[in-house]
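Worksheet: one structure, shown below.
Every heavy atom of this structure was used, including side-chain atoms; hydrogens, water molecules and symmetry mates were not. Residue numbers start at 1 and run along the sequence shown.
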Amino acid sequence: MADLVAVFLFIGVIAYCVLGGADFGAGFWDLIAGGARRGRAPRHLIDDSLAPVWEANHTWLIYCLVMLWSGFPTAFAALTSTLFLPLGIAALGIVLRGAGFAFRKASIRTPEQRVYGAAFAFSSVLTPYCFGSIAGALASGRVPARGDGDPVTSWLNPTSALGGVLAVLACAYLAATYLTVAARRHRDPHLFRYFRDRALAAGVVTGAVSIVGIFVLQADAPRLFHQLSHRALPLAVLAALCGLLGLAFLRAESTRSLRETVAAAVALIVSGWGVSQYPYLLGTHLSVQEAAAPRATLGVLVGVACVAGVLILPSLVLLFRVMGRPDRADPVLHETT
């Protein structure tokens with residue numbers, strides 16, 4: 001039962017990375033889009049793509065928190081006691097990000113739009129970095145079961161820095177890919193090439209940092225490195241193949257199955273991290289069974305998760321189907337270009 005709850009929890013983690021991560025990545029491209037005039041078109045597409053779905057995407061974070069503190073209270077207590085700094089920064093970033101995104105759209109004057117836009121963009125980079133650093137702290141075993149880990153070095157270390165940078169890059173790659181598809185759906189050849197080029201660059205940089213990260217993990221997180229190179233190796237290989245296939249699609253200017261391929265690459269990377277940690281929740285100690293709540297609580301969580309899946313997932317699927325209907329703009333775009 002504890003393993004089943006852990007699987008449900010990790011499904012939420014993957015969903016948040018793939019869906020909420022793209023929202024954070026959109027903020028990254030908003031940040032470097034340029035001044036008000038040059039960045040108007042990319043920012044308009046970002047706003048148009050995010051507005052209908054961003055609140056739905058971030059419900060996965062609430063789901064993960066509820067599953068964690070209800071199903072594994074010991075691990076939740078240790079995590080929040082040691083990593084309260086990055087968690088607090090991430091929470092603040094989420095609040096500022098939402099406020100900046102909402103008020104920028106409602107503002108009329110350019111100076112106000114710049115202030116709210118800056119809050120949205122900077123927090124969109126800071127928040128995924130903090131989440132990535134938390135994952136690095138867990139994976140490297142720097143969160144003691146008693147929750148008395150160092151509040152600074154637990155998340156300011158080589159593995160956490162690698163996790164933070166990879167989180168920002170993966171979010172940027174996801175967002176640029178999704179926005180490339182959105183630009184084609186909007187029949188805008190200029191924005192299509194704009195985000196396609198940035199998706200290619202983000203994919204290449206993410207791959208390069210991942211290769212460098214192998215040596216970082218070997219030196220700083222030997223157990224994680226060993227598990228990634230053994231138990232989780234098939235997932236890592238599949239993630240690399242999906243990443244390369246996504247770059248090939250971008251190079252060929254093909255959007256068919258592009259989003260699914262890139263999302264699969266990120267999902268496989270996150271899955272590899274989970275498989276490498278198992279059976280531990282805190283990297284090198286506190287197993288899933290040791291941290292689990294009483295069996296009755298776990299049973300309720302499984303039931304609630306199943307009911308939520310039946311009631312909520314169809315609505316989410318419908319939302320994304322409406323927002324991402326199959327492309328009908330390809331012939332027009334090719335004629336224009």
Side-chain angles (χ1 to χ4, degrees), residues 7-30 45-68 90-91 93-95 97-98 100-102 120-121 123-132 134-135 163 166-183 185 195 199 202-203 206 239 242-243 246 255 257-274 305 308-326:
V7 168
F8 279 130
L9 168 62
F10 211 73
I11 289 173
V13 172
I14 294 172
Y16 187 58
C17 291
V18 171
L19 300 174
D23 291 352
F24 288 123
F28 175 86
W29 298 117
D30 186 292
L45 180 62
I46 289 171
D47 287 352
D48 182 75
S49 300
L50 279 185
V53 299
W54 71 281
E55 291 179 292
N57 288 339
H58 290 282
T59 57
W60 290 105
L61 178 60
I62 301 172
Y63 168 86
C64 292
L65 288 173
V66 172
M67 293 293 287
L68 180 59
I94 291 173
V95 173
R97 183 178 180 279
F101 182 70
F120 165 70
S123 58
S124 294
V125 175
L126 182 62
T127 303
Y129 180 86
C130 288
F131 282 140
I134 291 169
L166 277 178
V168 173
L169 290 174
C171 290
Y173 184 32
L174 278 171
T177 302
Y178 293 0
L179 289 168
T180 299
V181 178
R185 191 175 65 244
F195 283 112
T206 302
C242 287
T255 57
S257 301
L258 175 60
R259 287 177 297 188
E260 293 80 2
T261 302
V262 174
V266 174
L268 286 166
I269 291 174
V270 178
S271 299
W273 165 55
V310 172
L311 296 179
I312 297 174
L313 283 182
S315 301
L316 292 176
V317 171
L318 177 61
L319 173 65
F320 288 111
R321 283 177 66 91
V322 170
M323 292 307 303
R325 287 190 295 267

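Considering all non-hydrogen atoms of both residues, P128 and C171 come closest at CB-SG, 4.1 Å. Taking each heavy atom of G132 and A167 in turn, the nearest pair found is CA-CB, 3.9 Å. In terms of heavy-atom proximity, A264 sits nearest to C242 at CB-SG, 4.2 Å. Among all heavy-atom pairs drawn from Y173 and G243, the shortest one is OH-O, 3.5 Å.
Distance check: T255 OG1 to R185 CZ gives 10.0 Å after rounding to the nearest 0.5 Å. We find the CG-CZ distance between L179 and R259 to be 10.5 Å, quoted to the nearest 0.5 Å. Here the CG-CH2 distance, from L268 to W273, works out to 15.0 Å after rounding to the nearest 0.5 Å.
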Atom pairs and distances, side-chain donor-acceptor, residues 308-315, under 3.5 Å, sequence neighbours left out:
none

Could you pull out all donor-acceptor pairs under 3.5 Å where a side-chain atom in residues 8-29 meets a protein atom, sequence neighbours excluded?
unit_1: Y16; atom_1: OH; unit_2: H58; atom_2: ND1; d: 3.1
unit_1: D23; atom_1: OD1; unit_2: N57; atom_2: ND2; d: 3.3
unit_1: D23; atom_1: OD2; unit_2: N57; atom_2: ND2; d: 3.0
unit_1: W29; atom_1: NE1; unit_2: A172; atom_2: O; d: 2.9

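Residues passing the ring pair (Phe, Tyr, Trp, His ring centres under 6.0 Å) test with Y129: none are found, sequence neighbours excluded. The salt bridge (charged side-chain N to carboxylate O under 4.0 Å, His left out) search around D30 returns R43, R104, not counting sequence neighbours. Residues that satisfy the side chain to side chain contact (heavy atoms under 4.5 Å, CB included) test with L169, not counting sequence neighbours, are V165, V205, T206, V209. Not counting sequence neighbours, S49 has no partner by the side chain to side chain donor-acceptor pair (under 3.5 Å) test.
Side-chain atoms of T261 never come within 3.5 Å of backbone atoms of G246 as a donor-acceptor pair (strictly under, hydrogens ignored).
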